[in-house]
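The structure appears right after this line, and notes come after that.
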Amino acid sequence: MTFASFALDQRIQTGVERAGYTVPTPIQTQAIPPLLAGRDILGLAQTGTGKTAAFVLPILQKLLTLNTPKHGPVKVLVLAPTRELALQIHENFETLGQDTGISSVAVFGGVSQHPQVKKLRQSTVVVACPGRLLDLMNQGLAKLDHVDTLVLDEADRMLDMGFAPDIRRIVSRLRGSRQTMLFSATMPKEIRTLTREYLHNAVEVQAGTSEPVAAISHALYPVPAHLKTELLEALLRTTAHETMLIFTRTKHRAKSLARKLETKGWAATFLQGNMSQNRRQEAMAGFRNGKYTIMVATDIASRGIDCERISHVVNFDMPDTVESYTHRIGRTGRACRSGQALSLVTREDDDQIRAVERSIGRGIDRKQLPEFDYTLPGRTDTDARPRRFAPRRTFGQNRYT
Ligand code: AMP
């Protein structure tokens, strides 16, 4: 299938070409035709499958077909869990829709509301995090009476983050006759409930499964906890990587590891929950434009990181759940490229490893770096010390952000 077979308006087709897309991804092939026909959709797809364009393209087409005014009132509302994801979706509207002239705004907390409110008055598409949007609605600053297209993106993540009441309040103020699209990487009971409430006669589409994609190769590097940083540096020296996304368990570790790598001369930055919006944006933009080749992040901060060239994902600390493992390594091998997932593991991680191996249906190779001295003595570095006082991590809980 080609993009031409969707018969999109030429202005949108130009956007597709500008983005460099030649062949639609499976989720796009499945979702675009029913969306163009006006159907509701339930998309089981994770980030990295091309799901954003799968809804952005038909929405742009609908707006052009209906001759919708380009600078408001708001006709399309997209709800997303994090600022990064909201910005990325907004950027997708801007890039793919550049020639359509349709204006879009990203609305999220942590920054002054004034510029967002100003832009919101002249936008037809709003991509928002639920908290800030509800806040603006309550102040009478966001009028959504004309919205006839609603997208709930990464719905499972929004529920995980406690946004369910905000979403319900927002949706209750929209008009009932609308086209609704819900995308989620997983389908827990709560999402099924939302689906029954919000979707009508929806087409279900699925791309990938919650198992990691096949294009990714996995490797485990057993290492004593106190030598993780040294082993990581040895891996960096011996592995040809374009960009590397490294996950740590805590915010503190993300920051201190990035700083350590930086002092050793690596172009490293970090992303974690309690950074200012400016610093997050600087880190994200720098990672995207190649200023940094290494990003150290925590799980929550990494949601929706979209960098097309991530060649390696490193679990500096193994995640607590298989789902997080899948989400993390979903950052590489994106849109059918191949990637590598490397995990530095200690004896504490045995349960997690077994669960991941069960989920991908095969064992993962244990590797050793031949030139690395695994017998080096421990250091007095707090980060490297084993977590003697921490309770044993339980599987199924994701307590560290
Ligand atoms: P998403 O799942 O929407 O986060 O998209 C993942 C990545 O795939 C993004 O970098 C998109 O720009 C890219 N992408 C989306 N659709 C295509 C396509 N048809 N061909 C190549 N890359 C794509």
Side-chain angles (χ1 to χ4, degrees), residues 52 56 69-95 97-98 101-147 150-154 157-158 160-174 251 254-255 258 269-289 291-292 295 297-307 401:
T52 316
V56 168
K70 294 172 178 165
H71 304 288
V74 180
K75 296 288 282 180
V76 176
L77 173 62
V78 182
L79 292 178
T82 62
R83 308 172 243 214
E84 281 76 23
L85 187 63
L87 275 169
Q88 274 161 29
I89 298 168
H90 161 68
E91 281 161 16
N92 265 268
F93 272 104
E94 298 229 302
T95 319
Q98 192 177 317
I102 291 163
S103 52
S104 156
V105 61
V107 168
F108 46 83
V111 290
S112 154
Q113 69 176 42
H114 182 67
Q116 291 179 1
V117 171
K118 211 166 139 203
K119 194 149 179 234
L120 208 142
R121 286 201 202 102
Q122 296 148 18
S123 292
T124 304
V125 176
V126 173
V127 186
C129 296
R132 168 59 67 95
L133 181 69
L134 190 63
D135 199 15
L136 297 184
M137 288 169 80
N138 289 339
Q139 297 175 63
L141 297 171
K143 299 246 178 299
L144 301 176
D145 339 351
H146 295 278
V147 168
L150 170 68
V151 182
L152 300 172
D153 196 16
E154 300 203 352
R157 207 33 72 152
M158 288 202 279
D160 283 354
M161 290 168 76
F163 281 132
D166 289 359
I167 293 172
R168 285 184 188 287
R169 274 183 217 118
I170 293 167
V171 177
S172 71
R173 296 198 217 160
L174 304 181
K251 297 175 195 172
K255 184 171 170 177
T269 186
F270 64 96
L271 197 67
Q272 38 104 317
N274 51 8
M275 282 162 76
S276 73
Q277 184 58 16
N278 279 348
R279 288 190 57 205
R280 274 162 170 263
Q281 275 170 1
E282 193 274 329
M284 288 281 291
F287 191 48
R288 235 183 258 151
N289 67 26
K291 176 176 174 196
Y292 305 113
M295 166 81 87
T298 57
D299 282 302
I300 291 281
S302 79
R303 285 297 301 173
I305 284 183
D306 178 11
C307 178
T401 58

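- In this structure, S123 and S104 have side chains that are not in contact, with every pair of non-hydrogen atoms separated by 4.5 Å or more.
- A 4.5 Å side-chain heavy-atom check between V78 and F93 finds at least one atom pair inside the cut-off.
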>> Assess the residue pair E154 and T82 against the criterion (side chain to side chain contact (heavy atoms under 4.5 Å, CB included)); give the C-alpha distance rounded to whole Å, side-chain angles, the decisive distance to 0.1 Å, and a yes or no.
In response: CA-CA 10 Å; E154 300 203 352; T82 62; over 6 Å; no
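- T298 approaches Q272 most closely through the heavy-atom pair OG1-CA, 4.0 Å.
- You'll find the side chain of L144 stays beyond 4.5 Å of the side chain of R173, heavy atoms only.
- Counting only distance, with no hydrogens or angles, the side chain of T124 and the backbone of K70 share a donor-acceptor pair below 3.5 Å.
- L133 CG to L120 CG: the interatomic distance, rounded to the nearest 0.5 Å, is 7.5 Å.
- When atom types are taken as modelled, the side chain of K143 and the backbone of R121 share no donor-acceptor pair closer than 3.5 angstrom.
- In this structure, the side chains of L77 and I170 come closer than 4.5 Å at one or more pairs of heavy atoms.
- When all heavy atoms of M158 and L79 are compared, the pair lying nearest together is CE-O, 3.5 Å.
- Annotation: side chain of Q116 is in contact with side chain of V111 (closest heavy-atom distance under 4.5 Å).
- Taking the side chain as every heavy atom from C-beta outward, I102 and V76 never approach each other to under 4.5 Å.
- Between M284 and R288, some side-chain heavy-atom pair lies under the 4.5 Å cut-off.
- Partners of R279 by side-chain contact (heavy atoms from CB on, under 4.5 Å), not counting sequence neighbours, listed by chain and number: R259, F270, M275, S276.
- Side chain of D135 to backbone of G131: no donor-acceptor contact under 3.5 angstrom is found.
- In terms of the side-chain contact (heavy atoms from CB on, under 4.5 Å) criterion, residue partners of D166 (sequence neighbours excluded) are, by chain and number, P130, L134, F163, R169.
- By the side-chain contact (heavy atoms from CB on, under 4.5 Å) test, A106 pairs with L87, H90, F108, sequence neighbours left out.
- K75 NZ: more than 12 foreign heavy atoms inside a 6.0 Å radius.
- Proximity of a side-chain donor or acceptor of R280 to a complementary backbone N or O of E84 within less than 3.5 Å is not detected.
- In this structure, T52 and Q88 have side chains that are not in contact, with every pair of non-hydrogen atoms separated by 4.5 Å or more.
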